[in-house]
Trainee: 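Here you go, one structure.
Below, chain A is the first sequence line, B the second, and so on; all start at residue 1. Quantities reported herein were computed from a predicted structural model and do not represent experimental measurements.
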There are 2 protein chains.
Amino acid sequence: MRAKFVRESADVRRQALIDATAKCLAEKGVAATSVRAICAAAGVSSGLLTHYFEGVDALILATYRDVGQRVSQAMDAAIVAAGDDPQDRLRAFLQANFRAPVLDADLLATWIAFWSLIKSNADVAAAHAEIYAASRTQLEGLVAAAGPGFSPAQVRLKAIGLTALVDGLWLEYCLDPTSFSAAEAQQLVERAMGHALRDQ
Amino acid sequence: MRAKFVRESADVRRQALIDATAKCLAEKGVAATSVRAICAAAGVSSGLLTHYFEGVDALILATYRDVGQRVSQAMDAAIVAAGDDPQDRLRAFLQANFRAPVLDADLLATWIAFWSLIKSNADVAAAHAEIYAASRTQLEGLVAAAGPGFSPAQVRLKAIGLTALVDGLWLEYCLDPTSFSAAEAQQLVERAMGHALRDQ
DNA sequence: GGAACTGGATAGCCCATGGCTCTCATCAAC
DNA sequence: GTTGATGAGAGCCATGGGCTATCCAGTTCC
């Protein structure tokens with residue numbers, strides 16, 4: 001007796017598989033993210049993965065790009081909501097890391113899985129470089145607007161420092177939320193932003 | 001025909017297996033760190049792993065503790081070499097992250113592998129919490145000594161901020177050394193240290 | 001309206017790999 | 001030499017990824 005199935009459009013199926021992959025990576029880590037686990041989470045048979053993607057590696061890469069895009073969109077939304085003041089916009093970008101949906105242990109778990117693939121998968125490495133470059137370019141634009149008069153070299157270094165602080169706080173909070181609070185992280189970022197805009 | 005073998009002490013064998021595990025994690029990621037790969041790297045047969053450890057999970061955990069200890073010792077050595085001045089000691093601790101043997105892409109790859117196991121392995125999670133707590137306690141001691149007059153709450157927050165900045169810079173530099181230099185990272189940390197000691 | 005067609009979807013097979021165990025060889029201490 | 005721990009290596013069972021034969025819902029064409 002063969003189970004009935006529902007015919008879905010390609011986009012719906014692809015997205016379902018991507019969502020299932022992110023869920024598996026977050027919940028069980030990269031080791032347990034197998035074709036069967038992904039397809040079970042997506043509610044489809046295992047053969048369908050190969051039908052829509054080259055293989056499990058390609059699906060993971062697509063998931064990386066999808067997750068990266070969702071984070072990027074959350075950042076953009078925060079900037080737009082902040083209004084026109086350049087400092088408010090910079091602040092909104094930085095602080096968005098410490099609110100949903102970015103501040104999420106599952107998102108970190110997914111992200112760590114991607115990092116762990118960079119060494120062994122050139123495509124993932126390329127995607128990572130691309131995503132990070134875009135993020136840093138955006139931050140440099142916000143810093144330059146909020147602190148006019150800085151040279152490009154100064155802007156670049158400030159952006160590097162702010163990115164590192166934000167990423168470090170985000171990483172450590174998600175790994176262990178008991179050691180400090182999101183509010184404390186926001187406070188630290190606010191101070192660092194002040195220093196970055198005040199100093200040379 | 002069975003191959004000849006050399007009889008080694010338990011400590012030597014354990015360390016060889018731990019080193020081989022770290023090498024596999026760094027070079028090929030957690031997915032390719034199998035019993036056979038580890039034992040091949042260590043130059044022993046696959047049965048030996050079970051002989052000396054409960055299983056591959058226990059070996060990975062032992063590797064985590066070993067790598068953590070090596071980093072911790074490098075930090076301690078840097079502090080001792082810095083002399084008696086509290087600010088120099090704090091600086092030495094922070095800057096040691098941007099020199100060998102800590103600033104090493106292989107070490108990050110190993111570390112990422114550990115992070116990726118935190119979700120699925122409670123023992124790894126416990127080891128991680130322990131290692132990070134020890135590191136942060138040490139940093140709090142250095143901050144308190146370098147900036148007397150700070151309350152424990154102030155010291156704690158400063159230590160959290162400095163740890164996050166250092167970890168973020170370390171992470172991003174190891175993931176992609178082309179985006180900025182180690183000297184720039186050191187400069188950013190030096191500035192942040194100055195702010196931490198100057199402000200309240 | 002019905003038959004043939006298209007291609008999404010399934011189940012299951014094949015082979016590779018993985019972790020671990022078991023047997024047996026080897027060596028060093030006594 | 002005896003002995004017992006150390007080590008090698010084959011093998012077992014489970015799981016994984018990819019592939020294929022098959023099936024079926026919706027479309028097309030007469």
Trainee: If a pair satisfies ring-ring contact (aromatic ring centres under 6.0 Å, His included) and one of its residues is in residues 57-88 of chain B, list it, with sequence neighbours excluded.
Mentor: B:Y64-B:W111, B:Y64-B:F114
Trainee: Tabulated below should be each protein N or O lying under 3.5 Å from an N or O of nucleotides 13-16 of chain C; please produce it.
Mentor:
none

Trainee: Set out, in order, the CA-CA distance, both residues' side-chain angles and the distance that settles side chain to side chain contact (heavy atoms under 4.5 Å, CB included) for B:I160 and A:L169, then state yes or no.
Mentor: CA-CA 8 Å; B:I160 289 168; A:L169 287 168; 3.9 Å; yes
Trainee: Would you say B:R13 places a side-chain N or O within less than 4.0 Å of OP1 or OP2 belonging to D:dG7?
Mentor: yes
Trainee: With sequence neighbours left out, write down each residue that passes side chain to side chain contact (heavy atoms under 4.5 Å, CB included) with A:T178, or none if nothing qualifies.
Mentor: A:D176
Trainee: Quick one: is B:S45 getting a side-chain N or O under 4.0 Å of the D:dG9 phosphate, OP1 or OP2?
Mentor: no
Trainee: Provide the full list of side-chain hydrogen bond (donor to acceptor under 3.5 Å, both in side chains) pairs with a residue in residues 20-34 of chain A, sequence neighbours left out, each pair given once.
Mentor: none
Trainee: Please list all pairs meeting ring-ring contact (aromatic ring centres under 6.0 Å, His included) that have one or both residues in residues 178-200 of chain A, counting only residues at least two apart or in different chains.
Mentor: A:Y173-A:F180, A:H195-B:H195
Trainee: In terms of side-chain heavy atoms of B:V35, which of C:dG19, C:dC27, C:dG12 is nearest?
Mentor: C:dG19
Trainee: For A:D123, give me all partners under side chain to side chain donor-acceptor pair (under 3.5 Å), at least two apart in sequence or on another chain.
Mentor: none
Trainee: With a 3.5 Å cut-off and sequence neighbours excluded, list the donor-acceptor pairs that the side chains of residues 95-106 of chain B form with protein atoms.
Mentor:
residue, atom, partner, partner atom, Å
B:Q95, NE2, B:Q186, O, 3.2
B:N97, ND2, B:F93, O, 3.4
B:N97, ND2, B:L94, O, 3.1
B:D104, OD1, B:D106, N, 3.2
B:D106, OD1, A:K119, NZ, 3.0

Trainee: Among residues 50-57 of chain B, which contact DNA chain C at a heavy-atom distance under 4.0 Å?
Mentor: B:T50, B:G55, B:V56
Trainee: In residues 137-155 of chain A, what donor-acceptor pairs under 3.5 Å come from side-chain atoms, sequence neighbours left out?
Mentor:
residue, atom, partner, partner atom, Å
A:T137, OG1, A:A133, O, 2.8
A:Q138, NE2, A:D76, OD1, 2.8
A:S151, OG, A:Q154, N, 3.1
A:Q154, OE1, A:S151, N, 2.9

Trainee: In a table with atom names and distances, give each donor-acceptor pair under 3.5 Å that connects a side chain of residues 37-60 of chain A to protein atoms at least two apart or in another chain.
Mentor:
none

Trainee: List the atom pairs, with distances to 0.1 Å, where a side-chain N or O of residues 65-72 of chain B and a protein N or O form a donor-acceptor pair under 3.5 Å, not counting sequence neighbours.
Mentor:
residue, atom, partner, partner atom, Å
B:R65, NH1, B:E130, OE2, 3.2
B:D66, OD2, B:R70, NH1, 2.9

Trainee: Counting side-chain heavy atoms from C-beta on, which of D:dG4, D:dG16, D:dA10 comes nearest to B:S46?
Mentor: D:dA10
Trainee: Residues of residues 19-33 of chain B with any non-hydrogen atom less than 4.0 angstrom from an atom of DNA chain D: list those, numerically ordered, please.
Mentor: none
Trainee: Send over the distance from A:L48 CG to C:dG8 P, rounded to a whole Å.
Mentor: 9 Å
